[in-house]
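All remarks here apply to the structure that follows.
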Amino acid sequence: MSRYSPADVEPKWQAAWADAGTFTATRDESRPKYYVLEMFPYPSGRIHMGHVRNYTMGDVIARYKISTGHSVLHPMGWDAFGMPAENAAIERGGHPKDWTYGNIADMRDQMKPLGLSIDWTREFATCDPEYYGQQQSMFIDFMERGLVYRKNATVNWDPVDMTVLANEQVIDGKGWRSDAPVERRELTQWFFKISDFSEELLEAIDGLDGWPAKVKLMQSNWIGKSRGLQFAFERVGGGDPIEVYTTRPDTLMGASFVGISPDHPLAKELAETNADVAAFRTEVAKGGTTEEALEKAEKLGFDTGLTVKHPLNPDWELPVWIANFILMDYGTGAIFACPAHDQRDLDFCRKYDLPVIDTFLALDDPAPVGAEAFVPPKSEKVRWVDHFAGLDVATGEEAIDATIAFAEAAGWGKGVTQYRLRDWGLSRQRYWGCPIPVVHCDTCGVVPERKENLPVRLPDDVSFDQPGNPLDRHPTWCEVPCPSCGKPAKRETDTMDTFVDSSWYFARFTAPHAETPTNAEDAAYWMNVDQYIGGIEHAILHLLYSRFFARAMHICGHLPASAIEPFDALFTQGMVTHEIYVTRDERDRPVYHLPEHIEWHESGARLGESGAPVEVIPSAKMSKSKKNVVDPVNIIEAYGADTARWFVLSDSPPERDVEWTASGAEAAYKHLSRVYRIASDIAEAPQAGAGDDDLLRAMHKAIHDVTMGVESFGFNAAIAKLYGFTNTLAKTKAGRDTRAQAMRVMAQLMAPVTPHLSEEIWSMLGGERLIANAPWPVADESYLVEDTVTLPIQVNGKRRSELTVAKDLDK
RNA sequence: GCCCGCGUGGUGGAAUGGUAGACACAGGGGACUUAAAAUCCCCAGGCCGAAAGGCCGUGCCGGUUCGAGUCCGGCCGCGGGUACCA
């Protein structure tokens, strides 16, 4: 009997699939199509366990769908633009292009031994000019349809390096290289008008039946529809009134002050003549631009000395403050504060000794405000002590509606629907991205490049020896004739956010070599993606941008109306996590270390090289920056791809995070070896022996359970059933033919997960052609019916005994 | 801060509101072997008990229910996102 040897078996069957063209996707109108897609990888250079888990899941689905008669599209590509390539060029020299394409070649080499059912003829990278040229063409289409525009936006500014920083490059409010405190600065940037689609994107969430509820909820909250009251406070002593927006107009009688954003036009105007205002604006411009940084920053205020009149009582004057927690991007950039009913407002008023009007809404009687604000519940009834809108006892919702109606009737305010969703800023002041195909002309203004001049290619001759965007410093690349008037003009040097690249790649896979972004027939046949699989970390941005892009592409004629929701079903796999190992450098900044460089001693974890003690941080998402990554290549070399595939699916439910530990791969290998050994024994057994109903019953149960598992992403449960079926098959006294039949079914049920081993067993036991093309087995229902049922006997909800009875009492 | 998840033996986990811990890993015991590896068999939530059996047990506190790991409310801990990481 031969030993199971993946090193011999796996390449053999990969060659057989390639010869047979088993995974080449073909448009075949006679068969139902199935498009399965995993979120494509960033070419970091090494595949990791998260990739193996992600692509194995997609592969299980793809292979299962092939065996159930579908024409399957299962492509792979590379999300190849982005910062790490530039960082590599800065740190180690070389060119981002060489680094990226080298990484792609390396990763492809690591991925192919996994035996994935990928149609490699459709592979592309987003940094291929053939891809980003089509993207530039669509950008121009979007411009023509008013889906793109320019406006000012805030960026992280490193005042020492004189460059824009990504949020990731801001560490504790300081630039990662310069260590200088970061400032917020306004810059003219390109935007997609995703906010025009707020309502549509929100409403359509309801129809996404194949999406996880949590993702739909996150997207809804992100779009953040709210109804509120917009009205103006008249200035005492004249001047432009201050427009405010509030979602809690029912608290208007508790107003304490009017607050404006530091970026509000009035604040900017005051800063021109008042040095203190200017100094305050500079002070609060410190720090990064993330919502988290803004929310967590100390709440700071500045009294402008201006006052406004309360809309319901002209004698009631409120002070106007500039406050750093008010965002210019949301609402009107101005609010009124009600300390009695909002904790943040209360904290602010206590800090700056502003008036606090005692509770005028209460569950029972009005009570003086202490340290905690009473937030009126939206759905519970509350006594409305002030009767200005004709209310007595009402819910918050009713009070809000009544106040809006009251204001509208009186003519001093109007109900307004607001969305939290902001337009998508796509400008990046970086080299390694898709160039924005426009030209700045002194005469004609901003002019799109002519389509016949696309792609606008990135120049190869750039240097990364100084901070900032090398395109800005390029001596000739920027100098172009105006596409409109032909006079000398300047090319746009901003490149696109890499989210643009990943917002339509799924459509490009349907016709990766087309001369236009998509091809109508191919898009009509293959779209939508039937099953999309990827990490939960993309629940909001990538998926929302893709939903927007599909709509914009439809408007421009690049996708059919049926494809505006491009992903029929979404599965968010959990992440592969690992402990993080850290030491500190001389400036007490963290230095991360790979797991393979750590040694474990009695005293704890130590660095292998120096023996320095290592701080162990609890398991978190595997990431390059934290270096808590494990290389699957070692496992594939030691045990084979099938073992790695089996292992990543067997131990944890696919939607949950899994912490990688070294143990387990060995066990998976032992199990696959055992299955192979049992199959070999059967193949060599004499042609004799009786049938066995128990074995057939177990076989049909396994078909049923595994099919259910594969269809519902219960891969770990399906594998547990296969363990059980293996135990049954190992112990059975059934004859050779029945055992062979059962083992062929076992091979088929395992084939989506362990395709190489399954092919080997299939051929060993007389299966015809390739198992990859064999039709999926169907469970015979008559074998699934149990004759008896066991009933628990419970007394007061506690199990006391059990009773086994025949199901059919007549028997 | 805000939004969204998750929390079950030593470990990964299983369990349409109905016998908690399937299936594995690690561990213990045994068989085979000159020996080891490999393989096969058995044990195994905690506590008490020789056993039969009993009590406790799904992060914590409370609630709904004949019955809660599962549903509801409030905490605690961990993770993801937070618009320039991808």
Side-chain angles (χ1 to χ4, degrees), chain A residues 3 39-44 79 81-84 87 153-156 164-170 189 194 212-222 224 288-297 299 325 329 343-344 420-430 433 497-499 501-502 535-542 544-545 572 574-575 577 618-621 623-625 647 650-653 655-659 661 663-668 670-671 673-674 677 714 716-724 726-727 730-731 790-802:
Chain A
R3 236 177 102 80
M39 291 179 187
F40 66 165
Y42 178 80
S44 61
D79 188 14
F81 276 133
M83 284 202 307
N87 292 339
T154 312
V155 294
N156 300 306
V164 177
L165 297 178
N167 287 333
E168 194 187 49
Q169 298 171 315
V170 178
Q189 309 253 58
I194 190 173
K214 63 179 171 185
V215 175
K216 295 202 278 184
L217 188 55
M218 279 190 260
Q219 293 224 346
S220 289
N221 290 340
W222 186 260
T289 59
T290 66
E291 190 189 339
E292 184 190 7
L294 296 173
E295 281 287 333
K296 283 187 171 173
K299 306 291 178 280
F325 60 83
D329 288 324
Q343 191 62 44
R344 187 179 60 186
R420 208 185 73 96
L421 180 64
R422 307 199 298 257
D423 278 332
W424 171 9
L426 67 116
S427 291
R428 297 293 180 269
Q429 293 71 41
R430 272 187 271 281
D497 178 7
T498 56
F499 272 122
D501 314 335
S502 57
I536 186 67
E537 68 270 26
H538 294 296
I540 298 175
L541 292 180
H542 163 61
L544 190 61
Y545 290 157
T572 55
M575 287 167 301
T577 66
S619 221
K621 171 183 163 183
S623 75
K624 292 179 293 294
S625 60
F647 176 60
S650 65
D651 246 15
S652 214
E655 70 277 11
R656 207 183 294 184
D657 289 354
V658 58
E659 178 171 4
T661 55
S663 68
E666 173 86 28
K670 281 183 185 175
H671 176 75
S673 300
R674 184 181 182 219
R677 202 165 46 244
N716 57 322
I719 283 176
K721 301 294 181 188
L722 286 168
Y723 271 110
T726 305
N727 288 336
K731 286 175 186 163
T790 304
L791 299 169
I793 309 300
Q794 290 186 11
V795 179
N796 288 333
K798 283 187 188 290
R799 187 182 76 99
R800 290 299 166 185
S801 182
E802 63 183 42

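Letters A, B, ... mirror the listed sequences (proteins, then strands); counts begin at 1.
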Protein-nucleotides 37-42 of chain B N/O pairs closer than 3.5 Å?
residue, atom, partner, partner atom, Å
B:U39, O3', A:R677, NH2, 3.4
B:C40, OP1, A:R674, NE, 2.9

### Message
side chain to side chain contact (heavy atoms under 4.5 Å, CB included) for A:D497 and A:W424? Distances and angles first, verdict last.
### Response
CA-CA 10 Å; A:D497 178 7; A:W424 171 9; 3.0 Å; yes
**Asked** Roughly how far apart, to the nearest Å, are B:U8 and B:G69 at atom P?
**Response** 14 Å
Closest heavy-atom pair, A:P212 versus A:T572, reported as atoms and distance to 0.1 Å, is CG-OG1, 4.1 Å
Going through the distances and angles, do A:F325 and A:L294 end up as a side chain to side chain contact (heavy atoms under 4.5 Å, CB included)?
CA-CA 7 Å; A:F325 60 83; A:L294 296 173; over 6 Å; no
Heavy-atom closest pair (A:M218 atom, A:A539 atom, distance to 0.1 Å) is CE-CB, 3.8 Å
Between A:I719 and A:S650, the two heavy atoms sitting closest are CG2-CB, 3.6 Å
* Asked: Between A:R420 and A:E291, is there a salt bridge with N-O shorter than 4.0 Å?
  -> yes
Does B:C23 have OP1 or OP2 sitting under 4.0 Å from an N or O in the side chain of A:N716? no
Among B:C85, B:G81, B:A24, the one nearest any side-chain atom of A:Y723 is B:A24
A:D79 meets the side-chain contact (heavy atoms from CB on, under 4.5 Å) criterion, sequence neighbours left out, with A:F40, A:T126, A:D501, A:S502
In this structure, NZ of A:K296 is separated from OG1 of A:T290 (nearest 0.5 Å) by 9.0 Å
Discussion item. Can you check the distance between B:G10 and B:G27, where both ends of the measurement are the C1' atom (answer in whole Å)?
Written reply: 8 Å
(request) Identify whether any heavy atom of A:Q343 sits under 4.0 Å from a base atom; if not, whether one sits that close to sugar-phosphate; answer base, sugar-phosphate or nothing. (result) nothing
> If you measure from the P atom in B:G63 to the same atom in B:A26, how many Å do you get, rounded?
Replying inline: 43 Å
**Asked** Would you say the side-chain atoms of A:Q189 pair up with the backbone N or O of A:L426, donor to acceptor, closer than 3.5 Å?
**Response** no
To the nearest angstrom, the NZ-P distance between A:K721 and B:A24 comes to 12 Å
Practice task
Pick base, sugar-phosphate or nothing for A:H542, based on heavy-atom distances below 4.0 Å to the nucleic acid.
Solution key: nothing
Suppose you measure atom P in B:C3 against the same atom in B:A86; what distance do you get, rounded to whole Å? 27 Å
On a heavy-atom basis, the closest approach of A:I194 and A:R422 is CG2-O, 3.3 Å
To the nearest angstrom, the CG-P distance between A:N87 and B:A86 comes to 10 Å
Rounded to whole Å, the CZ-P distance (A:R420 to B:G81) equals 15 Å
| query | Given the P atoms of B:C47 and B:A14, what is the spacing between them in whole Å? | reply | 26 Å
Taken to the nearest whole Å, OH/A:Y42 to C1'/B:C84 is 14 Å
A:N156 atom CG is separated from B:A83 atom C1', nearest whole Å, by 12 Å
Check: Checking all strands, does A:L421 fall into the base, sugar-phosphate, or nothing category for heavy-atom contacts under 4.0 angstrom?
Finding: base
**OP:** Decide yes or no on side chain to side chain contact (heavy atoms under 4.5 Å, CB included) for A:N167 and A:T289, but give the supporting numbers first.
**Re:** CA-CA 7 Å; A:N167 287 333; A:T289 59; 3.2 Å; yes
In whole angstroms, the gap separating P of B:G81 from CE of A:M39 amounts to 13 Å
Smallest heavy-atom separation, A:A668 atom then A:F647 atom, equals CB-CB, 4.0 Å
dist A:N156:CG -> A:T154:OG1 (nearest 0.5 Å) comes out at 9.5 Å
Quiz item: Contact class for A:G425 (heavy atom, under 4.0 Å): base, sugar-phosphate, or nothing?
Solution: sugar-phosphate
Output field dot_bracket for RNA chain B (Watson-Crick or G-U, both distances under 3.5 Å, | for other-strand pairs) contains (((((((..(((.....[....))).(((((.......))))).((((....))))..(((((..]....))))))))))))....
Nearest-Å distance once atom C1' is located in both B:G7 and B:G21:
16 Å
Check: Taking only N and O in the side chain of A:N727, is any of them less than 4.0 Å away from OP1 or OP2 of B:A24?
Finding: yes
Could you list, one pair per line, each protein nitrogen or oxygen that sits under 3.5 Å from a nitrogen or oxygen of nucleotides 15-17 of chain B, together with the distance?
none

d(A:N221 CG, A:I540 CD1) to nearest 0.5 Å is 8.0 Å
Exercise for the section: Considering just the side-chain nitrogens and oxygens of A:S652, establish if one lies under 4.0 Å of OP1 or OP2 belonging to B:G13. Expected result: yes
For A:G288 and A:A293, the nearest pair of non-hydrogen atoms, with its separation, is O-CB, 4.1 Å
Relative to its sugar, using the 90° cut-off around 0, the base of B:G13 is anti
Sorted by chain and residue number, the side-chain contact (heavy atoms from CB on, under 4.5 Å) partners of A:T726 (sequence neighbours excluded) come out as A:H671, A:R674, A:V675, A:I678, A:M746
Contact string for nucleotides 1-7 of chain B, one letter per nucleotide 5' to 3', B = base within protein heavy-atom range under 4.0 Å, S = sugar-phosphate only, - = neither, reads B-SSS-S
*If you measure from the P atom in B:A24 to the same atom in B:A15, how many Å do you get, rounded?*
15 Å
Exercise. Could you check whether the rings of A:H538 and A:F499 sit parallel, tilted or perpendicular, using 30° and 60° as the cut-offs?
Key: perpendicular
- Task: Determine the contact category for A:S502: base if any of its heavy atoms lies under 4.0 Å from a base atom, sugar-phosphate if only primed atoms, P, OP1 or OP2 are that close, otherwise nothing.
- Result: nothing
Separation of B:U82 atom P from A:L544 atom CG, nearest Å, is 12 Å
### Query
Do A:Q169 and B:C84 share a donor-acceptor pair, side chain to base, under 3.5 Å?
no
note: A:R428, atom CZ; B:C84, atom P; distance rounded to Å ~ 5 Å
| query | In whole Å, what separates the C1' atom of B:C48 from that of B:C41? | reply | 30 Å
On RNA chain B, more 5' by nearest nucleotide between A:A667 and A:P653 is A:P653
The residue, A:S650 or A:V155, whose nearest nucleotide of RNA chain B is more 5′ is A:S650
